[in-house]
Visitor: 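Take this structure, written in structure tokens, and hold onto it; I'll ask about it next.
Atoms considered below: every heavy atom in the structure, side chains included; atoms not considered: hydrogens, waters and symmetry mates.
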Amino acid sequence: MYYCIVNPSARSGKGKEIWKKLEKSFKDRGLEFRAAFTKGPGHATQLAQQITAAKRDPSDYPLKIVVLGGDGTLNEAINGIDDFDKVLVGYIPIGSSNDFSRDLDLPKNTLELVERIVEGKELRALDLGRLTYNSMSDTFSRLHDENISKVRIFDVSAGIGFDAAVCEEALKSGTKNFFNKLGLGKLTYGSIAIRQLMGAKKIPCDIELDDGTTHHLDHFLFIATMIHHYEGGGFNMTPTADLADGLFDLCVIGNMSKPAMFRALPFAYFGKHYRFKGIYHYTARKLTIRTAEPLWVHTDGEVSVKSDNITLECLQKKLHLMI
């Protein structure tokens, strides 16, 4: 049995149309499947919880969950899975950024991707991240779940500061819808980033790593805690990241002038931004970030609340994929 979670709004409303083609593919192969369409923020999490929480015969495992949507839909779905050892995940990326799939060398033809998924076998296992809010502000994003969890799982990246502020604006951005309709959704984050840079605040922070070191910055712009190489629609933030080594790669943007940041921004598309003074790279299995005031936090581009104290842990090879 395949349990399909479909975001009909993905790719500016083409999600349902794409699903119809995939549905035919499942039927032609005589496969058992059930499909559910997401209805709003947090619904993919609820659907995954319903699928995984039901009592089943041991022979039913591993459960096969197929997600059709963007990075946000995939993030919501994995946050509804309580035991990753009992679940195989298939993913058909049709979002605007698709950063999760950039490192995976997936077929560009959707039906070829379905061929991999319907084999029903684990093809690879990747790291996941777990973010814990040690504190939460009472400032919520313009598009957030009704129930905000103190713990969030992520598969691509988590960030605090400027990059999360960009994601928060993109959630309800007319710019995002405009570029999606043109098939240029990845430009959304770049255009918003330029605008956000103009008014970005730089405040002090401390980064406590699991090797016992603490890095203090008098001013920082953002900290990206990466599993994959890319975030924000194709920015190659950590070109040396390993998706299954149990380590985060951190990209830390410290005290840089705005002209320097504008010069560095295009280089981030090619992973060449570390040549600029004020940009740092660290690795860690676990870290805690404390900031002088609450800032937006994102997990895979999903933003719910501001915080000034978060802890992140890398969960090695927890996500079992059929792609």
Side-chain angles (χ1 to χ4, degrees), residues 75 78-79 84-85 99-100 103 124-136 149-164 167 202-232 235-256 261 264 267-268 271-301 306-319:
N75 175 270
I78 64 174
N79 273 279
F84 287 95
D85 293 332
D99 287 316
F100 177 81
D103 297 326
R124 63 186 105 193
L126 304 183
D127 294 348
L128 289 173
R130 178 168 57 210
L131 182 148
T132 302
Y133 290 99
N134 301 317
S135 68
M136 287 184 178
S149 174
K150 294 185 70 174
V151 177
R152 292 287 301 179
I153 301 296
F154 60 95
D155 53 65
V156 174
S157 68
I160 184 167
F162 163 75
D163 65 336
C167 293
K202 294 184 292 184
I203 64 171
C205 77
D206 288 298
I207 308 167
E208 182 183 321
L209 304 181
D210 56 353
D211 63 3
T213 62
T214 297
H215 300 273
H216 173 79
L217 293 173
D218 291 330
H219 303 285
F220 90 105
L221 185 65
F222 74 90
I223 301 165
T225 303
M226 306 288 297
I227 296 172
H228 285 239
H229 298 170
Y230 301 92
E231 73 167 15
F235 286 97
N236 191 355
M237 303 303 294
T238 50
T240 60
D242 184 324
L243 284 60
D245 65 352
L247 292 171
F248 292 126
D249 281 65
L250 276 64
C251 177
V252 180
I253 309 298
N255 188 26
M256 300 177 69
M261 287 188 285
F267 285 85
K272 304 296 185 181
H273 47 298
Y274 290 102
R275 65 181 64 182
F276 290 87
K277 185 178 180 180
I279 302 180
Y280 310 99
H281 175 261
Y282 307 109
T283 60
R285 296 185 186 277
K286 183 177 180 179
L287 65 143
T288 296
I289 301 170
R290 299 179 181 87
T291 59
E293 64 181 69
L295 299 172
W296 289 120
V297 177
H298 84 84
T299 48
D300 296 335
K306 288 185 175 183
S307 177
D308 59 6
N309 190 332
I310 57 175
T311 295
L312 304 104
E313 302 167 83
C314 191
L315 312 176
Q316 189 169 22
K317 294 184 178 181
K318 271 294 184 182
L319 182 61

Visitor: For Asp300 and Val156, indicate whether the former's side chain and the latter's backbone hold a donor-acceptor pair under 3.5 Å.
Guide: yes
Visitor: Which heavy atom in Thr240 sits nearest to a heavy atom in His229, and how many Å separate them?
Guide: C-NE2, 4.5 Å
Visitor: Minimum heavy-atom separation for Glu231 to Ala224, with atom names?
Guide: OE2-CB, 3.8 Å
Visitor: Quick check against the 3.5 Å criterion: does Arg130 have a side-chain atom that pairs as donor or acceptor with the backbone of Val151?
Guide: no
Visitor: If you apply the rule side-chain contact (heavy atoms from CB on, under 4.5 Å), what do you find for Thr225 with Leu131, and how did you get there?
Guide: CA-CA 10 Å; Thr225 303; Leu131 182 148; over 6 Å; no
Visitor: Go through Phe84 and Ile78 one step at a time and tell me if the side-chain contact (heavy atoms from CB on, under 4.5 Å) criterion holds.
Guide: CA-CA 9 Å; Phe84 287 95; Ile78 64 174; 4.1 Å; yes
Visitor: Looking only at heavy atoms, what is the nearest atom pair of Tyr133 and Ser149, with distance?
Guide: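 Heavy atoms only, the tightest pair is CD1-O, 3.8 Å.
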Visitor: So does Met256 get a backbone contact from the side chain of Lys202, meaning a donor-acceptor N/O pair under 3.5 Å?
Guide: yes
Visitor: Is a side-chain N or O of Tyr230 found less than 3.5 angstrom from the main chain of Pro239, in a donor-acceptor match?
Guide: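 No: the side chain of Tyr230 does not pair with the backbone of Pro239.
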Visitor: For Ile203 and Glu293, work out which heavy atoms get closest and say how close.
Guide: CD1-CG, 3.3 Å
Visitor: Taking Ser307 for the side chain and Ser135 for the main chain, is one N or O donor matched with an acceptor at less than 3.5 Å?
Guide: yes
Visitor: Between Glu313 and Arg285, is there a donor-acceptor pair closer than 3.5 Å when you use the side chain of the first and the backbone of the second?
Guide: no
Visitor: Nearest 0.5 angstrom please: Leu221 CG to Ile223 CD1, how far?
Guide: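 Rounded to the nearest 0.5 Å, the CG-CD1 separation comes to 10.0 Å.
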Visitor: First locate atom OG1 of Thr238, then atom CG of Leu247, and finally report the distance between them rounded to the nearest 0.5 Å.
Guide: 12.0 Å
Visitor: Please report the interatomic distance CZ(Arg152) to OG1(Thr132), rounded to the nearest 0.5 Å.
Guide: 12.0 Å
Visitor: Salt bridge (charged side-chain N to carboxylate O under 4.0 Å, His left out) with Asp249: which residues, sequence neighbours excluded?
Guide: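 Partners of Asp249 by the salt bridge (charged side-chain N to carboxylate O under 4.0 Å, His left out) criterion come out as none, since no residue qualifies.
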Visitor: Search all heavy atoms of Ser157 against all heavy atoms of Met226 and return the closest pair with its distance.
Guide: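 Heavy atoms of Ser157 and Met226 come nearest at CB-SD, 3.3 Å.
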Visitor: Looking at every non-hydrogen atom in both residues, tell me the closest pair between Thr299 and Ala158 and how far apart they are.
Guide: CG2-CB, 4.1 Å
Visitor: Would you compute the distance between atom CG of Asn134 and atom OG1 of Thr288 and round it to the nearest 0.5 angstrom?
Guide: 6.0 Å
Visitor: Indicate yes or no for a side-chain donor-acceptor contact from Asp127 to the backbone of Asp245 under 3.5 Å, with no hydrogens or angles considered.
Guide: yes
Visitor: List in chain and number order the residues that pass side-chain hydrogen bond (donor to acceptor under 3.5 Å, both in side chains) with Lys318, two or more places apart in sequence or in another chain; answer none if no residue qualifies.
Guide: none
Visitor: Side chains of Thr213 and Tyr282: closer than 4.5 Å at any heavy-atom pair?
Guide: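 Counting from C-beta outward, Thr213 and Tyr282 never come under 4.5 Å.
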Visitor: Test your reading of the model: is there a side-chain donor-acceptor pair from His215 to the backbone of Ile207, 3.5 Å cut-off?
Guide: no
Visitor: Ring centroids only, cut at 6.0 angstrom: are Phe248 and Phe154 within range, meaning strictly under it?
Guide: yes
Visitor: Can you measure from CZ (Arg290) to CD (Glu208) and round to the nearest 0.5 angstrom?
Guide: 5.0 Å
Visitor: Determine whether a donor-acceptor pair (N or O, by modelled atom type, separation under 3.5 Å) exists between the side chain of Asp308 and the backbone of Ala292.
Guide: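 Here the side-chain-to-backbone pair does not exist.
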Visitor: Please report the interatomic distance CG(Leu126) to CG(Leu319), rounded to the nearest 0.5 Å.
Guide: 6.0 Å
Visitor: Measure up the Phe100 and His228 rings against each other and bin them: parallel (under 30°), tilted (30 to 60°), perpendicular (over 60°).
Guide: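 Phe100 and His228: tilted rings.
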Visitor: Could you please spell out the steps behind the side-chain contact (heavy atoms from CB on, under 4.5 Å) verdict for Phe222 and Leu295?
Guide: CA-CA 10 Å; Phe222 74 90; Leu295 299 172; over 6 Å; no
